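Notes follow the structure.
All figures in this text were calculated on a predicted structure; none of them were measured in a lab.
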Amino acid sequence: MSAGYVPNLEEVRRLREETGAGVMDCKRALAEAGGDMDTARALLREWGVAKSKKLAARVAKEGLVEAYVHGDGRIGVLVEVNCETDFVARTDVFRQLAHDLALQVAAMDPRWVRREDVPPEVVEAKKALYAREAAGKPPELVERIVQGKLEAFFRENCLLEQDFIKDEGRRVGDLVAEVAAKTGENIVVRRFARFRLGEEA
């Protein structure tokens with residue numbers, strides 16, 4: 001980090017194009033990062049998450065349902081994404097988010113939106129299974145193993161916990177938080193449905 005660093009207009013423009021963040025946020029991130037683009041991007045992501053947490057209490061009833069069909073009609077996905085206003089629902093950044101979420105569901109086949117949606121009985125069954133698998137190890141180690149495997153289970157099966165298919169350095173939840181920060185609105189992934197030709201319900 002370089003104290004007193006003043007970013008030039010080209011750096012600000014480039015960072016803004018890459019992230020969609022506001023001019024002042026880009027300038028501040030570049031100044032704090034001493035001109036390092038990767039660090040500036042990471043700062044903007046971090047700030048975006050902070051902003052999105054403040055927005056989360058606000059009601060999101062507008063939005064859209066995005067449809068995506070893949071593989072010559074063999075996989076179909078519907079995703080409902082909500083925001084606060086119809087204005088934001090019509091923006092390119094919001095529509096791109098909805099499309100990216102539909103692609104993610106098609107490719108990665110999550111079962112739930114967030115970890116809080118996983119039924120308690122499923123969580124308890126997984127904990128019991130992981131504990132049996134770790135039987136014979138010291139109790140404190142068993143607990144760590146169970147928690148680690150449970151985190152991996154959430155990361156595989158919950159949409160917002162998954163690695164984003166277009167950038168595995170980010171989780172899907174980070175992507176949603178960044179778009180919420182860019183738009184200044186609460187954004188909620190409400191639900192999704194994934195259909196595979198010939199698959200039993």
Side-chain angles (χ1 to χ4, degrees), residues 42 44-68 70 75-84 93-94 96-135 137 139-183 185-196 199-201:
L44 287 170
R45 279 200 296 272
E46 185 183 312
W47 298 341
V49 170
K51 285 181 187 173
S52 72
K53 285 178 181 171
K54 291 178 188 172
L55 298 171
R58 294 178 4 197
V59 177
K61 288 189 177 176
E62 293 295 333
L64 57 85
V65 174
E66 175 73 8
Y68 172 71
H70 178 74
I75 294 174
V77 171
L78 292 172
V79 178
E80 180 183 350
V81 191
N82 299 132
C83 56
E84 296 174 46
V93 69
F94 186 83
Q96 184 63 53
L97 171 66
H99 182 68
D100 284 341
L101 290 169
L103 289 178
Q104 181 82 22
V105 172
M108 300 306 294
D109 193 16
R111 294 175 63 191
W112 300 278
V113 175
R114 55 191 60 79
R115 68 172 63 196
E116 294 81 7
D117 300 334
V118 182
E121 60 272 20
V122 172
V123 175
E124 290 309 313
K126 289 293 176 186
K127 282 182 177 177
L129 170 65
Y130 301 147
R132 284 197 302 274
E133 290 174 351
K137 293 182 169 57
E140 64 279 2
L141 186 56
V142 170
E143 181 60 29
R144 284 208 305 274
I145 290 170
V146 169
Q147 278 308 120
K149 289 193 172 186
L150 197 58
E151 284 298 318
F153 170 79
F154 289 140
R155 201 152 181 179
E156 181 180 340
N157 291 282
C158 301
L159 175 61
L160 297 181
E161 303 272 344
Q162 290 181 335
D163 289 331
F164 180 36
I165 55 171
K166 290 185 175 180
D167 178 1
E168 293 189 358
R170 290 191 289 172
R171 293 194 188 188
V172 174
D174 297 333
L175 177 68
V176 174
E178 287 166 25
V179 174
K182 284 178 191 175
T183 61
E185 291 198 2
N186 184 20
I187 292 178
V188 177
V189 182
R190 188 73 61 200
R191 55 189 164 169
F192 65 81
R194 184 182 187 274
F195 306 92
R196 187 183 185 91
E199 190 174 60
E200 293 295 326

Side chains of Gln96 and Asp100, donor plus acceptor under 3.5 Å: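 Checked: Gln96/Asp100 side chains pair up, N/O donor to acceptor below 3.5 Å.
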Pair Arg190, Asn82: side-chain N/O donor-acceptor within cut-off below 3.5 Å: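 Yes, because at least one side-chain N or O of Arg190 sits under 3.5 Å from a partner of the opposite role on Asn82.
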Check: [Y] and [X] side chains under 4.5 Å, non-hydrogen atoms:
X: Tyr68; Y: Val79; value: no
X: Leu97; Y: Val93; value: no
X: Ile145; Y: Lys137; value: yes
X: Asp163; Y: Arg170; value: no
X: Leu101; Y: Phe192; value: no
X: Cys158; Y: Val118; value: yes
X: Leu78; Y: Arg191; value: no

Thr183 OG1 to Glu178 CD distance, which is reported to the nearest 0.5 Å: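 So the OG1 of Thr183 and the CD of Glu178 are separated by 12.0 Å.
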Please tabulate, for the side chains in residues 122-133, all donor-acceptor contacts under 3.5 angstrom to protein atoms that are two or more places apart in sequence or on a different chain.
residue	atom	partner	partner atom	Å
Glu133	OE1	Lys149	NZ	2.8

Derivation of the side chain to side chain contact (heavy atoms under 4.5 Å, CB included) call for Lys166 and Leu175: CA-CA 11 Å; Lys166 290 185 175 180; Leu175 177 68; over 6 Å; no
N/O donor-acceptor pair under 3.5 Å between [X] side chain and [Y] backbone:
X: Gln104; Y: Phe164; result: no
X: Glu62; Y: Glu84; result: no
X: Arg114; Y: Gly173; result: no

